Each structure stands twice: as structure tokens, then as C-alpha cells.
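Below is one structure, written out as C-alpha cells, with a few remarks after it.
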Amino acid sequence: MAINVPQERALRIDAVAQQHGALGPHAPELVHGCRALAALAGEVLGAEVHEVPLGADGSPSVGGIGNRAALVRDRTAQLAAMEHPGWPVLTVGGDCGVEHVPLGVARHRHGEGLGTVWFDAHADLNTAESSPSGAFHGMVLRSAFGEGDPEFAASPALATGRAVLVGTRCFDPAERAAVEAGLVRHVPVPAEPEVIVAAVRASGADALYVHLDLDVLDPGEFDGLYYREPGGLSIDQLVAGLRALGEVEVVGAGITECTATGSERLRVLVPVLEAVGDLLR
Ligand SMILES: [Mn+2]
């Protein structure tokens, strides 16, 4: 992993059109959704968009992880992109598996005080053993804690408790157990800003990587999603939650799981993109 923090400060967008962390017939939609969302983010934030070159081919499931070799290949390309001198970086997925690299790099560069706020309908806390699907995007946060398949287990890892799930409403049994064991904190819908900030303070994090899976939103607000889970946040609630994090240092961010390509559908996300951009500047 890269060791030095680049000196040239200018927000950059890495478009990572990865679908290998998702399994199923609609996964290719993540590729097109990534490019459309990254283009809009570049326009709204006045930032350079760099598409990380990924191979298209998948690979067999190995050790309970679908596309395992393809994911290792995608990671190599993402790591190479992180050596670029511009920072901070907004990563636009693709599936949530794209967070593996920028979250790991943030932890490595910032140190053990790094925490994450994880806006997501899902906990992403499965391991290869516990995952019902074998899709890596449901394992990526667990990997950041140094657990699961050693190929993806982060080192250095996030400290126990130094992650805050926000708006999460779908848990597999092993994920529920991880929350109950204190691996992560959980702020359910409606996720009032002061409750999010209190959870971040309690976590002991002194800097944050902010993850935003758009499926934290209610599908009635935005439906260009790989998973549509009812009972989510409104755009206004999400923006308020993001803006509340402005009092904490944010060293990186990612937005994932968009499948929409039409500019009219994507336009409702402009306030969300502005809020994420402000956190990074
Ligand atoms: Mn999700």
C-alpha cells in the first residue's frame, strides 16, 4: 500500500466501475451507473474524474467468494490509482467492494484513530463462511476489521467499535451478532444528525472515511439502486447526516451501488454529492 500522503490538494474522483463484488443478473448495471454518477459528481464538484481501468471478466467462486481472482485483479488496479498525487479522493463505485482499497489506504495513512461511518441499508459484515450469497460487497466492512478471507483481511485493521452503521436495516444473523458483540455501532433510521455524531464520538475515531451506499435511501426517494430496501432515509435526512460530520476530519469517501444512468433520475442526488464534496474540502 502507498505510504506517503500526496501533497497536491485537489479533490479527485476515482470511478471504479466494479461489478465483481455483486453476483446476479443485474450486476452489469453497476458499471453503467458508476460512470453516470461519476460524471455527475465531477460536474457538480468541479473535480477531475479518473476511471480506474478494470478487466471485465469474472472468475470462479473460490473459498466462498464469488469472482475472487477478479476482485484481486481489480484491487491491484485501484491501488495503482491511489498512487496518483491528487487528494482527497472520492471513490465512486461500482459495488461496495470498491471500498476495500480506499478504506484500507485511509487506515494505513491516518493511523489507528481512523474510523468509518457506513451509510448503508446493509451491514456488509459477513465473512466468506457466513455469507448467504458469496458476494464480496457484503463482506467488505468485516474485511476492514482484519477478519474473513486472509486475502482481503485488512492490515492494519480498524479498531473494534470504530465503525458506525447508519440507516442500516437488513442484517444477516452473523452481522447481527457482530453488532451485538460491539464490533460496530448502529444508528437506525431516522438517523438524526446528533445521534450520528454522538456515535462517532463514542467510537473514539479522530478521523473518518465516509461510505455511502445509495441503498441507505428509501427507494421512494431514489430508485436507481442495485438493492431497493424499503424504510430508508429521505434525501434530506441523508444530507443532514452527512453535513453533521463536518465537525470531524474526513479523509476519504466513497459512493456505491448506483444503477441509474438517466440524468433526470440522478439529479435528485445533487444535494448528496454537494454534501459529500464539502466534507472532503
Ligand atoms: Mn447496501
Side-chain angles (χ1 to χ4, degrees), residues 16-34 37 65-67 71 90-103 116-128 130-145 148 152 158 163-176 178-179 183-191 196 209-235 237-238 241-242 253-260 266 269 272-273 276:
V16 187
Q18 175 178 280
Q19 59 166 301
H20 299 128
L23 302 174
H26 297 290
E29 295 176 18
L30 290 163
V31 174
H32 307 293
C34 169
L37 181 61
I65 299 181
N67 291 314
L71 288 162
L90 170 60
T91 297
V92 176
D95 67 75
C96 288
V98 304
E99 300 285 37
H100 180 59
V101 168
L103 177 56
T116 186
V117 175
W118 203 262
F119 291 90
D120 202 312
H122 311 94
D124 299 346
L125 285 171
N126 272 303
T127 62
S130 71
S131 170
S133 68
F136 179 69
H137 64 168
M139 309 176 198
V140 63
L141 182 55
R142 193 60 171 265
S143 297
F145 284 101
F152 298 101
L158 288 178
V164 180
L165 298 175
V166 178
T168 310
R169 51 205 187 272
C170 305
F171 293 87
D172 291 322
E175 298 180 312
R176 181 66 71 190
V179 175
L183 188 65
V184 302
R185 288 153 210 279
H186 177 215
V187 178
V189 177
I196 299 173
Y209 183 91
V210 175
H211 162 74
L212 169 56
D213 180 333
L214 291 169
D215 67 24
V216 78
L217 289 167
D218 192 273
E221 297 273 310
F222 176 70
D223 69 353
L225 302 166
Y226 188 73
Y227 289 115
R228 296 172 190 88
E229 308 285 4
L233 298 179
S234 67
I235 296 275
Q237 287 171 326
L238 174 58
L242 289 166
I255 307 179
T256 64
E257 304 266 338
C258 176
T259 59
L266 287 167
L269 299 177
V272 175
L273 294 170
V276 172

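Please read all numbers here as calculations on a predicted model, not as lab measurements. Only heavy atoms go into these numbers, but all of them, side chains included; no hydrogens, no water, no symmetry mates. Remember, it's 1-based here, ligands and their atoms both numbered in the order they're listed.
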Exercise for the section: With the Mn ion (ligand 1) as the reference point, give the N/O/S atom of Asp215 that is nearest. Expected result: OD2

Fill in the blank from the handout: Closest non-hydrogen contact found for Thr168 with Trp118 is OG1-O, 4.3 Å

Handout entry: Heteroatom N/O/S of Glu229 within less than 2.8 Å of the Mn ion (ligand 1)
Key = no

Exercise for the section: Write down the atom of Leu214, the atom of Cys258, and the distance for their closest heavy-atom approach. Expected result: CD1-CB, 3.7 Å

Handout entry: Atom name of the N, O or S atom in His122 that lies nearest to the Mn ion (ligand 1)
Key = ND1

Practice task
Fit a plane to each ring of Phe136 and His100, take the angle between them on a 0 to 90° scale, and name the class: parallel (under 30°), tilted (30 to 60°) or perpendicular (over 60°).
Solution key: perpendicular

Problem - Among Arg228, Arg169, His122, side chain to side chain donor-acceptor pair (under 3.5 Å) partner for Asp215 - result: His122

Completion exercise
Among N, O or S atoms, Asp120 approaches the Mn ion (ligand 1) most closely through OD1

Practice task
Indicate, with yes or no, if the rings of His137 and Tyr227 have centres closer together than 6.0 Å.
Solution key: yes

Handout entry: the Mn ion (ligand 1) - closest N/O/S atom in Asp213
Key = OD2

